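To start, the structure itself, in structure tokens.
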Amino acid sequence: MTLKKTKEEIKLLREGGKRHFAVMLQLKEAVKAGVSTQEIDSLAEKLIRKGGDEPSILNYQPFGATYPFPASVCISINEEIVHGIPGERIIREGDIVGLDFCLTHKGLVTDGATTFAVGQIDSKVKKLIEITQEAICAGIQVARAGNKLGDIGHAIELCAQPYKYGVVRGLGGHGVGHAVHEMPFVQNFGRPHTGMLLSQGMVLALEPMFTLGSPKIKMQKNGYTYVSSDHSLSAHFEHTIAITKGEPLILTAK
Ligand code: MG
């Protein structure tokens, strides 16, 4: 497994990313108060397979997990940061919902996530979502050949600072493409000009996660879902990008 992807692979990842984006839009539309997370998961699997692709996280067993992930999409609600498992839970008015999934197109994996509100939410929570989305843009801006991993983390972290958001520790972005998780690990904080040098052809999933409170995480009993240790609300955005000499190519986009 090489860190860099070939031009041909990036072309396939871009096509997969377009499909990923289209599925995400349809899932977002389906998320409504009264709908179960299981229903959203069934729809995710159906939409991904309809395009001839695979839901990469279904039955995927990450290192350290005691059983394979049982769904095609992670649905993380409110204080759940990532890896929420779909089930009988009913989505309610006022929830903030994170959708996160991977799609394998012709053997290549894209990863992306978004967070949004169902119905009316507090302006403080709206701001958290808005700033987390700004943070992914800030990370993407500096993710280019010649810069270093620490530049990405630093740019992301800077967005959270004025609002005193918790910048989640212990979870972060990663390489992706040949597999769901590849090297390197991309922290959402860091010092500029430190860490691994970024070079053209690297494909990374950037994924800032901020909370309204603690940066610390706690694993739920199911062995997958992480919540904020103080149960404060959290937001998460993710895109798969390919590093170039200029602005990166956002693969999981229209
Ligand atoms: Mg993801």
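What you see is a predicted model; the values in this text were computed from it and never measured. Hydrogens, waters and symmetry mates are skipped; everything else that's a heavy atom, side chains included, is used. As the structure lists them, so they are numbered: ligands from 1, and atoms in each ligand from 1.
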Task: 2.8 Å cut-off met by an N, O or S atom of Glu207 to the Mg ion (ligand 1) - done: no
Task: Row check, Phe116 ring normal vs Lys28 NZ/CZ: under 6.0 Å, within 45° - done: yes
Open item on the list: Does either side chain, that of Asp111 or that of His239, offer a donor lying less than 3.5 Å from an acceptor on the other one?
Closed with: no
- [ ] Looking at Glu238, pick out the N, O or S atom nearest to the Mg ion (ligand 1) and give its name.
- [x] OE1
- [ ] Calculate the angle formed at the Mg ion (ligand 1) by OD1 in Asp100 and OD1 in Asp111; 10° precision is enough.
- [x] 100°
- [ ] Start with the C-alpha distance between His20 and Thr252, add both sets of side-chain angles, then the distance that settles side chain to side chain donor-acceptor pair (under 3.5 Å), and finish with yes or no.
- [x] CA-CA 6 Å; His20 190 289; Thr252 42; 5.5 Å; no
Open item on the list: Under a 3.5 Å threshold, yes or no: a donor from one side chain and an acceptor from the other, between Glu182 and His174?
Closed with: no
